[in-house]
Amino acid sequence: MIKTVMQEAFNKQITKEMFSSNLYLSMAAYFQESNLNGFANWMRIQAQEEMSHALKFFDYLLNRNGQPCISAIEAPQKNWLNPLDCFESALHHEEMITESINDLADLAIKEGDHASLILLQWFVNEQVEEEATSNEIVDRLKLAGDSKSGLFILDNELKQRVFVPEPTAK
Ligand code: FEO
């Protein structure tokens, strides 16, 4: 059975992943309203991925005979200055999530919880990818600058993203 201290920490992370999902859905709405449907598609899929992260922790707690706890989720921001501002917010958010995952891994080491550490290693790798992807889009937006055609080329690329479900801990 999972230790209470680990369960509480994982439950806090479930709340953060669900907040992330809502934040990206809010960003999807912002892009859709700006007629940038490719960006909106990318954000909508990101929201699905974040919910799958929450479920990964949820299933893991159940498998360890723990109790997932669903808490109130704070409302996300609704508006951004422009696409670059929005993706910079996404990148900063991911950097904050990376810190949170690292803190969880530190706790698992301190508590000698090897099973949790193995799960968290998946998330450590995932965060490298998440930060790299957001960073790349931030860089592309900076390169595009005020160019509308640059923005629409990127919008077309982001339209191609599809949701690939992650296997859960079940
Ligand atoms: Fe679940 Fe984007 O971190």
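Positions are given from 1, in the same order as the sequence printed here. All ligand and atom numbering here is 1-based and tracks the order in the structure.
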Tell me the protein N, O or S atoms under 2.8 Å from atom 1 (Fe) of ligand 1, in chain and number order.
-> Glu17 OE1, Glu50 OE1, His53 ND1

Residue pairs fulfilling side chain to side chain donor-acceptor pair (under 3.5 Å) with at least one residue in residues 133-142, sequence neighbours excluded = Arg140-Glu157

Tell me which donor-acceptor pairs under 3.5 Å the side chains of residues 101-109 have, and how far apart each pair is, sequence neighbours excluded?
none

Ring centroid separation for Tyr30 and Phe39, is it under 6.0 angstrom?
-> no

Centres of the Trp80 and Phe31 rings: under 6.0 Å?
-> no

Charged N to carboxylate O under 4.0 angstrom, Glu17 versus Lys12?
-> no

Excluding sequence neighbours, so at least two apart, what forms ring-ring contact (aromatic ring centres under 6.0 Å, His included) with Phe58?
-> none

